[in-house]
Protein chains: 2
Amino acid sequence: MAKVNKTKYALLGVLSLTSGSGYDIKKFCDSTIAHFWNENYAHIYPVLKDLEAEGLVSKTAEQNEGRPPKSVYSITDKGREELHQWLILPVEDSPHRIELLLKLFFSSDLPLENIIEKLTEARKKHESLLEDYQKAEDLLKADESLKDNKGLPLWLSTISFGKYHAEAMLKWCEETIQAIQK
Amino acid sequence: MAKVNKTKYALLGVLSLTSGSGYDIKKFCDSTIAHFWNENYAHIYPVLKDLEAEGLVSKTAEQNEGRPPKSVYSITDKGREELHQWLILPVEDSPHRIELLLKLFFSSDLPLENIIEKLTEARKKHESLLEDYQKAEDLLKADESLKDNKGLPLWLSTISFGKYHAEAMLKWCEETIQAIQK
DNA sequence: GTATCCATGTAACCAGTTACATGATTGC
DNA sequence: GCAATCATGTAACTGGTTACATGGATAC
């Protein structure tokens, strides 16, 4: 079986929350799910076309004074059903590749400073991520308009995931820097 | 800039530790770096050919009684240099896609049991991984022949990474199951 | 006699990235 | 005047996956 196009479901997911153009979808992704899912224009636009051809989304031209009309996509009932069918399926876990670990594994002939530099970089990155997640969590929790939104606990859980992950990575970086210096 | 072929460096890395056939390389990967790096035959064989054409590895036919000769690849000085040059470069972090989180984010209309099922699956998976890592660590530490191997601390660190990660995921799964049930 | 391991590959496919291309509007 | 943002796409490439194909040796 060919690998399923996950972008398809990501776009359906976004459109299930709010209609919008390809550009809007990209913005939405960047501001909400970017820490665990990325999409780029070169993929969004062709997949939107495919989705429309399949009848999973519909396109309407929205007039904009002064600007060329914008293509606004909305999810159809068929699209909602297709999304639902995918959501209830068990998660397929795809193998991940962690370049830092690959380098580390083969780095026994490298100068120690170079290895420590990489680990320090990683620590900094995750420190900064941790702050980002904390801010995002605070913002979400403070948003009155979302107080009773049934999606809120799930959205918060994706941020919590990031926090747990970043904290674990911080600790690992520190431990490893200690371990290899001995 | 086109994306660099990381498989190339993975293969050079493996061959920098021990010579072997494509088959041997795959086995090595599966038993040592599989938890953060995967390779498959369909990629290994053509890349080995490329590496040979570039003069980064050399091939010798090893006679095997009863069996067809085996192609044994060894890293060349040029290959070692190429690997080194890549190893000292900073790590490029590539975006990862976490399907569980994508589903979670859009799952507010799903039955709660279905979501909990997914989280329970994930918890089980990471529990089992944690055990695997612990065993791997124990084995590595008990191996007398590796006692003074300069690679050991780095290899252990990749396992420690897995442990930190799995522990964090366990906690997150439990917390999230609690949070969404309220 | 059957399953697993050893061993090497090819073909087809597709997902995703980078670079290229265009052009209007808004804010500084 | 310039940068950033809005807005939509195409072309070229390549990395990686799955499925297909083959066949001997060994262990149970």
Side-chain angles (χ1 to χ4, degrees), chain A residues 1-11 19-31 33-34 36-53 57 59-73 86 92-99 102, chain B residues 1-11 19-31 33-34 36-53 57 59-73 86 92-99 102:
Chain A
M1 187 188 67
K3 222 167 109 179
V4 182
N5 183 348
K6 303 278 168 66
T7 292
K8 173 178 168 177
Y9 298 106
L11 301 193
S19 299
S21 65
Y23 191 84
D24 295 332
I25 292 173
K26 167 76 169 144
K27 259 200 315 181
F28 183 92
C29 289
D30 288 347
S31 66
I33 60 174
F36 59 85
W37 201 267
N38 68 302
E39 290 295 348
N40 60 55
Y41 293 127
H43 220 185
I44 291 174
Y45 288 112
V47 172
L48 272 177
K49 247 184 202 166
D50 295 346
L51 289 175
E52 201 198 352
V57 304
K59 182 167 75 172
T60 48
E62 191 177 84
Q63 294 306 320
N64 258 335
E65 63 272 28
R67 293 202 176 188
K70 189 170 144 176
S71 293
V72 174
Y73 291 87
W86 178 72
E92 291 175 38
D93 45 65
S94 49
H96 42 227
R97 290 178 149 199
I98 304 174
E99 188 183 318
L102 187 69
Chain B
M1 189 188 66
K3 222 166 108 177
V4 181
N5 184 348
K6 304 277 168 68
T7 293
K8 174 179 168 178
Y9 297 106
L11 300 193
S19 298
S21 64
Y23 190 84
D24 296 332
I25 292 174
K26 167 75 170 144
K27 258 201 316 182
F28 184 93
C29 289
D30 288 347
S31 66
I33 60 174
F36 59 86
W37 200 267
N38 67 302
E39 290 296 347
N40 59 55
Y41 293 127
H43 221 184
I44 290 174
Y45 287 113
V47 172
L48 272 176
K49 248 185 202 164
D50 295 346
L51 289 175
E52 202 199 352
V57 304
K59 183 167 76 173
T60 48
E62 190 178 85
Q63 294 307 320
N64 258 335
E65 63 271 29
R67 292 199 177 189
K70 189 169 145 177
S71 294
V72 174
Y73 292 87
W86 178 72
E92 291 175 38
D93 45 65
S94 48
H96 40 230
R97 290 179 149 198
I98 304 174
E99 188 182 319
L102 186 69

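Letters A, B, ... mirror the listed sequences (proteins, then strands); counts begin at 1. As the structure is a prediction and not an experimental result, all values here were calculated from the model.
Taking only side-chain atoms of A/Asn40, from C-beta outward, the nucleotide of D/dT17, C/dT18, D/dT8 with the closest atom is C/dT18. Here the nucleotide nearest the side chain of A/Tyr23, chosen from D/dT5, C/dA7, C/dG9, is D/dT5. Of the listed nucleotides (C/dG9, D/dG15, D/dT8), C/dG9 has the atom at the smallest distance from the side chain of B/Lys49. Comparing C/dA11, D/dA7, C/dG16 by their nearest atom to the side chain of B/Ala42 picks out C/dA11. Set against C/dT17, D/dG16, D/dG9, the side chain of A/Tyr45 has D/dG9 as its closest nucleotide.
Between the side chain of B/Asp24 and the backbone N or O of B/Ser21 there is at least one donor-acceptor pair closer than 3.5 Å. A side-chain donor-acceptor contact under 3.5 Å links A/Lys26 to the backbone of A/Glu39.
Using a 4.0 Å cut-off, no side-chain N or O of B/Asn38 falls inside it from OP1 or OP2 of D/dG16. When the side-chain nitrogen and oxygen atoms of B/Arg97 are compared with OP1 and OP2 of C/dA15, none of them lie within a distance under 4.0 Å. Contact annotation: B/Ser21 does not reach the phosphate of C/dC6 (side-chain N/O to OP1 or OP2, under 4.0 Å).
Note: CG (A/Leu11) to P (D/dT8) measures 13 Å, nearest angstrom. The separation between A/Trp37 atom CH2 and C/dT17 atom C1' is 15 Å, rounded to whole Å. Rounding to whole angstrom units, NZ of residue A/Lys26 and P of D/dT8 are separated by 14 Å. Across the protein-nucleic acid pair, B/Lys59 atom NZ and C/dG9 atom C1' stand 11 Å apart, rounded to whole Å. Rounded to an integer number of Å, the gap from B/Ile44 CD1 to C/dT8 P is 10 Å. One can place NZ of A/Lys70 at 9 Å from C1' of D/dA7, the figure rounded to the nearest angstrom. The CD atom of B/Glu52 sits 10 Å away from the P atom of C/dG9 (whole-angstrom rounding). Atoms NE2 (A/His43) and C1' (C/dC14) sit 8 Å apart, rounded to a whole Å.
Of all heavy-atom pairs between A/Ile98 and B/Trp37, the closest is N-CE3, 3.8 Å.
No hydrogens or angles considered: nothing links the side chains of B/Glu99 and A/Ser94 as a donor-acceptor pair under 3.5 Å.
Annotation: of the two residues near DNA chain C, B/Ser71 and A/Glu39, the 5′-most nearest-nucleotide partner is B/Ser71. Checking B/Lys27 against B/Pro95, the closest nucleotide of DNA chain C that is more toward the 5' end is the one next to B/Lys27.
Once rounded to the nearest 0.5 Å, the distance linking CZ of A/Phe36 with NE2 of B/His96 reads 10.0 Å.
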